[in-house]
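In what follows, chains are A, B, ... by sequence order, proteins preceding strands, each numbered from 1.
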Amino acid sequence: MYLQFRDDVEAALTAALDALDLPTDDLGVEDPPEGVDAVLASSAAFRLAGEVGAPPPEVAGQIADEIDADEHDLLAAATAQGPYVNFLPSDAYYEGTVEAAQQADFGHLEPTGEEVVVEHTSANPTGPVHVGRARNPIVGDAVARVLSFAGHDVDRHYYVNDAGRQMAVFTWAYETFDEDDLDSPPERDKPDYDLVRYYRKGNAVLESGDPDEVEAAEDEIQAIMQGLEAGDEETYERVQEVVDTVLGGMRESLDRLPAEFDEFVKETRFLRDGSADDVVSRMKELDAAVYEEEAWQLELDEYGIDKNLVFLRSDGTTLYATRDLAHHEWKFENYDRAVTVLGEDHELQASQMNATLDLLGHDVDRLRQVVYSYVNLPEGKMSTRAGTGIDLDDLLDEAVARAREEVETRLDDRIRDDDLTDEDVSRIAEQVGIGAVRYDIVAKQPTKAITFEWDRALDFEAQSAPYVQYVHARCCGILEEAGVDPREAQRASDASGETASTASAAVAEGFDASLLETEAERDLVEVIGRFPAVVEEAAEELQPHIVATYTREIAETFNTFYRECPVLADDVDDDLRDARLALVAAAKHAVGNSLQVLGVAAPRSM
RNA sequence: GGGCGUGUGGCCUAGUGGACAGGGCGGAAGGUUCCUAACCUUCAGAUCGCGGGUUCGACCCCCGCCACGCCCGCCA
């Protein structure tokens, strides 16, 4: 409805400017500040003042006068307020918004038919996922969700680095050492925690072991790398055993977020199917290709990159970057667009790859990156190899434990008589704890640096997931109290909008939105109405934190409504009650679905 | 040294060149016979890193500087 309103405003504005014989290329449509009684406004008068030869307020007046609101159903009036033209919504707009938000799939945009692959996380399978990288799966999953909401056909990929030196080291170490050689038992009974000990042991030996031992190890590591490059099946099997085992453990941790993948794309695939060789041969033909110091390189000066990209070693083997090029050509073949979520330390690489793909004749506009900076500890970086850092599992466990504590202390002075079961307590602890972690990360611009602190990451008050989740629970509480099955309602918002719930449909029947006339109610309708536009913008910009900002706003607005507008009180007239109930259902969908975009659970009770 | 990114009250954070820079935490003071107080209300607190410039108008664009982070391997 908001999007339609925006179309109407643009049409009306264009027509008015045409009638006044003014240029229509800059409509200046924007969101008015808080306290202004309009859904949209235009600042075009500022720029047109010179042309008209009159001060902006006068121009705004002329434009407003030229607009006939009656021509547009959703528009009540266009009024000049100082230099601005404000567009006020009609009753039909409020009615339509509340109506539209009754649908469980509220906020999903029209299918675009565009196939998009979102690659994220792609951490080397060397050990447990730690918090330093946790931004990647959380931001990546949210990006995938927001694109999906925006109507795209989304696949999520994890690119598995199984062909590099790290995995060769790991394989050698795993095959060489025994449990007896290791210093300590695994920190958890999980394969990634088990095997990372071999990786650490191997690296320690390589760094400061007996020279003969190190030399023998290097020979073995080289043999493994050469074997992979040559497509030797036995070597491949040996490495895969380590890769798949560790990856299995990492997946379990990622699933908790949840961050799930449609495909784990292995680097060795592009070695085995010949596509890495193929891209190498085409690169050699490029004008920018040079053969220096026995290695094939690419000069990328024309892209402002003064560092040559080596794409074939002097021993004839490929590099990570080469294989990644083959990987991206594969993406281009199979998808319309590709989004990669990567750490800031990979930016140069990404720009080199972009430049190379461009040289190879690809349309690099189809490729976009979302860059985030790593989460550090107050004492410094986290490292799998060194074993410094906080494991994601530990963070999530602690989050859930603290949330549980919180639920239990609140149990005593609970007003609501809803008899939370032990299962409810566990469910809430899980939803709130993990939600808080996700929200804390997804709500910030990914380029901002984060220093990890327990208390900051696990604050359950104010601008946090629980604040928003609580609003959802309040909505569910009211609906339940009114006789609407909360599980129906819940399922509706979980089902990615396949079917509207019967419960919500029942609420939608016969309400009169014009009864919603207090400021608190109108504000709430207006904020709910913006949700599709928020999804649209977040998808366009690949910035899920925009949705997080929105959830805070709608939560705040709902809380004001909640305080000022009783729904089920005895002295509330039946018609008003129905209208408000519809509004609550609308809010529930807007809040629930915006949380869903972020991958944060929407609890039906807290 | 070069490239990229970040810099908003004590702390964290939002902010398409346009209507008084929004929130939150922490601090101070209040609110629950009423649909969940993980809530709400009020107060104090800002030279938007610094200096220039463009513009009718700059946190936002341009130039210079400072601080911090990341990168600059025939590693991944």
> At under 4.0 Å between heavy atoms, what does Ala163(A) touch on the DNA or RNA strands: base, sugar-phosphate, or nothing?
Replying inline: nothing
> Backbone N or O of Ile441(A) within a donor-acceptor pair of the Arg135(A) side chain at under 3.5 Å?
Replying inline: no
> Does rU54(B) have a Watson-Crick or wobble partner in any strand here, with both distances under 3.5 angstrom, and which is it?
Replying inline: none
> Would one find a side-chain N or O of Lys448(A) under 4.0 angstrom from OP1 or OP2 of rG5(B)?
Replying inline: no
>> Taking 4.0 Å as the cut-off, does a side-chain nitrogen or oxygen of Arg474(A) come that near to OP1 or OP2 on rA37(B)?
In response: yes
> Are any of Lys444(A)'s side-chain N or O atoms less than 4.0 Å away from OP1 or OP2 of rC12(B)?
Replying inline: no
> So, for His327(A) and Tyr159(A), is the gap between ring centers shorter than 6.0 Å?
Replying inline: yes
> For Val567(A), which contact category applies under a 4.0 Å heavy-atom criterion: base, sugar-phosphate, or nothing?
Replying inline: base
> With both distances under 3.5 Å as the test, what is the Watson-Crick or G-U wobble partner of rG45(B)?
Replying inline: none
>> Nearest to the His545(A) side chain among rC35(B), rA38(B), rG15(B), which nucleotide is it?
In response: rG15(B)
> How are the rings of Tyr550(A) and Phe531(A) set relative to one another: parallel (under 30°), tilted (30 to 60°) or perpendicular (over 60°)?
Replying inline: parallel
> Mind checking who rU33(B) pairs with, Watson-Crick or G-U wobble, both distances under 3.5 Å?
Replying inline: none
> rC74(B) base to Ser314(A) side chain: any donor-acceptor pair below 3.5 Å?
Replying inline: yes
>> Counting distance alone, no hydrogens or angles: does the base of rG5(B) have a donor or acceptor under 3.5 Å from a partner atom on the side chain of Glu344(A)?
In response: no
> Is any side-chain N or O of Lys381(A) closer than 4.0 Å to OP1 or OP2 of rC70(B)?
Replying inline: yes
> Does Tyr562(A) place a side-chain N or O at less than 4.0 Å from the phosphate oxygens OP1/OP2 of rC34(B)?
Replying inline: no
> Does a side-chain N or O from Arg410(A) land closer than 4.0 Å to OP1 or OP2 of rA38(B), or not?
Replying inline: yes
>> Any base atoms under 4.0 Å from Ser464(A), or only sugar-phosphate, or nothing? Heavy atoms, all strands.
In response: nothing
> For the base of rA19(B), is there a side-chain donor-acceptor partner from Asn86(A) under 3.5 Å away?
Replying inline: yes
>> From the set rC74(B), rG22(B), rC40(B), return the single nucleotide nearest to any side-chain atom of Arg563(A).
In response: rC40(B)
> Has Tyr467(A) got a side-chain N or O lying under 4.0 Å from the OP1 or OP2 atom of rC40(B)?
Replying inline: yes
> So, is Arg47(A) near the phosphate of rU55(B), with a side-chain N or O under 4.0 Å from OP1 or OP2?
Replying inline: no
> Do Tyr2(A) and Phe5(A) have ring centres separated by under 6.0 Å?
Replying inline: no
> At under 4.0 Å, does any side-chain N or O of Gln445(A) touch on OP1 or OP2 of rA14(B)?
Replying inline: yes
> rC39(B) phosphate, OP1 or OP2: any side-chain N/O from Asn559(A) under 4.0 angstrom?
Replying inline: no
> Paired with rG7(B) by Watson-Crick or G-U wobble geometry, both distances under 3.5 Å: which nucleotide is it?
Replying inline: rC66(B)
